[in-house]
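Start at 1 and go down the list; that is how both ligands and their atoms are numbered.
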Amino acid sequence: MMRRPLIAGNWKMNTNRAEAVALAEGVAKGSGEIKNADLLVCPPAIYLESVGKALTGSSVALGAQNMYAKGNGAFTGETSAAMLSDVGAEFVILGHSERRALMGETDAVVNEKTLAALAAGLTPIVCVGELLEEREAGKTGEVIATQFAGSLAGLSAEQLGKIVIAYEPVWAIGTGKVASPEQAEEVHADLRRLLTESYNGEIADKVRILYGGSVKPSNAAELMSQPNVDGALVGGASLKAEDFLGIAAAI
Ligand code: PGA
C-alpha cells in the first residue's frame, strides 16, 4: 500500500498572533504546488482559530501540540480534545519529547491522551524517541519498543489504523544533528515490525511513521526516500513558510 506522506509543522511555543496568521497564509499560498504530500500546521493552541481562518480554502490541515485527556470539567488551565475539535483542529501531537522531559509526561499519560483524542475524532501524532545516552548504550530498540507498547496500549486495530507515529530521536531535535537516513530507516522499520506483530500487516502498512529532528529542505529528500519514512514532523524549519514548503516539495 502506498502511504501518502504527511509533512507536519510543529511551531512549538513560537509566534505572536500576527506572525502565526502570516505564516499560515504563506503555507496556504504555496500549498497548491505540493502534489505528493499532505500538509499540516500545529500552532500554539491560543492561535488555532486564527490560523484555521487563515487556512480556509486551502488543503492545509490544522493540529494542536497537546491536550488534556479528560472531558470538559474542573481542570484549570487545560484544553480538551472537544475544544480542539471545536476550533477546527483535526490532529494533535502527543508525547512530544519536550513534554515528556519538561512536563513529566509518561507513556501512561500519552496513552490516556491518545485514547481520548481518538474518542473525540482527532488524529493523534504519537511521538517516540531515544535520548543520546540511550542510543550510545545500544538501547534504542528497547526504548522505542517500551514507548510504543506503553503509549499505544489498549488501542483496537481500527484505532491503530487511524493514528500517526513520529520517531524523533531526542538528540536530533533542535540540535541541527539530523539522524542519517539509515538510522531513521532502522527505527522506522522496527516500528513497522512492532505494528505488524502487535496488530497485523494490513494495519501496519497503513500507519504513517514520520521522522522528526532537524529536518530541513536540504536533508528532506534523502530521509523521505527511505521506504518506511512517511513524512516529517518539522520544528524549527516549519517557522518559515518557504522552508516548510521546501521540505514538502522535496518528496
Ligand atoms: P526540529 O524539531 O525540527 O526543530 O529539530 C522537531 C520537533 O521537535 O518536532
Side-chain angles (χ1 to χ4, degrees), residues 5-15 19-20 23-24 26-27 37-45 47-48 51 60-67 89 91-105 110 113-114 117 123-132 134-135 140 143-144 147-148 151 163-181 183-184 187-188 191 208-224 226 229-251:
L6 172 65
I7 305 297
N10 173 11
W11 295 2
K12 308 192 179 181
M13 197 172 76
N14 289 298
T15 75
E19 288 162 352
L23 179 53
V27 173
D38 292 336
L39 296 178
L40 164 68
V41 295
C42 302
Y47 303 136
L48 278 167
V51 166
V60 183
L62 184 66
Q65 301 172 14
N66 177 41
M67 53 169 261
F91 291 77
V92 59
I93 300 170
L94 296 175
H96 188 278
S97 69
E98 285 149 20
R99 296 207 58 83
R100 289 177 184 264
L102 304 173
M103 318 295 166
E105 286 197 11
V110 178
K113 292 185 177 191
T114 302
T123 299
I125 301 178
V126 179
C127 303
V128 297
E130 82 287 2
L131 305 171
L132 183 59
E134 293 167 335
R135 171 161 287 267
T140 300
V143 169
I144 300 297
Q147 291 177 339
F148 175 94
S151 305
I163 73 163
V164 175
I165 296 175
Y167 168 55
E168 297 204 306
V170 178
W171 48 271
I173 297 177
T175 58
K177 261 198 237 165
V178 66
S180 70
Q183 285 174 321
V187 176
H188 283 232
L191 283 164
R208 292 189 282 197
I209 307 176
L210 313 184
Y211 167 80
S214 300
V215 178
K216 299 182 284 237
S218 59
N219 60 26
E222 240 196 331
L223 286 161
M224 300 305 133
Q226 299 300 310
V229 178
D230 310 314
L233 182 54
V234 186
S238 73
L239 294 172
K240 280 193 183 152
E242 193 190 337
D243 288 352
F244 184 63
L245 292 164
I247 291 166
I251 294 175

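The aromatic rings of H188 and Y211 sit tilted relative to each other, their planes meeting at an angle between 30° and 60°.
The shortest N or O to N or O distance between I173 and ligand 1 is not below 3.5 Å. Distances between N or O atoms of G235 and those of ligand 1 include at least one value under 3.5 Å. Checking only distances, T175 never comes within under 3.5 Å of ligand 1, N or O to N or O.
Of all atoms in ligand 1, numbered sequentially from 1 with element shown, those under 4.0 Å from a heavy atom of G174 are 1 (P), 4 (O), 5 (O). Those atoms of ligand 1 that come under 4.0 Å of a heavy atom in K12, given as number and element, are 2 (O), 7 (C), 8 (O). Proximity to G236 (heavy-atom distance under 4.0 Å) selects the following atoms of ligand 1: 1 (P), 3 (O), 4 (O). In the vicinity of H96, heavy-atom distances shorter than 4.0 Å reach the ligand 1 atoms 7 (C), 8 (O), 9 (O). Remark: ligand 1 atoms within the under-4.0 Å shell around heavy atoms of A172 are 5 (O). Within the listing of ligand 1, atoms 6 (C), 7 (C), 8 (O), 9 (O) sit less than 4.0 angstrom from a heavy atom of E168.
The neighbour count for E222 CD, taken as heavy atoms of other residues, nucleotides or ligands under 6.0 Å away, does not exceed 12. Counted within 6.0 Å of CE on M13, heavy atoms from surrounding residues, nucleotides or ligands total 12 or fewer; the atom is thus considered open.
In this structure, CD on Q65 lies 9.0 Å from NZ on K12, to the nearest 0.5 angstrom. Taken from CG in D38 to CZ in R208, the straight-line distance is 5.0 Å, to the nearest 0.5 Å. A distance of 13.0 Å separates CG in L233 from CD1 in I165, rounded to the nearest 0.5 Å.
With a 4.5 Å cut-off on side-chain heavy atoms, R99 and V110 do not count as touching.
Heavy-atom distances between G213 and ligand 1 reach below 4.0 Å in at least one pair.
Judged purely by atom type and a 3.5 angstrom limit, E130 has no side-chain atom pairing as donor or acceptor with the backbone of I144.
Contacts between S97 and ligand 1 below 4.0 angstrom, taking non-hydrogen atoms only, are absent altogether.
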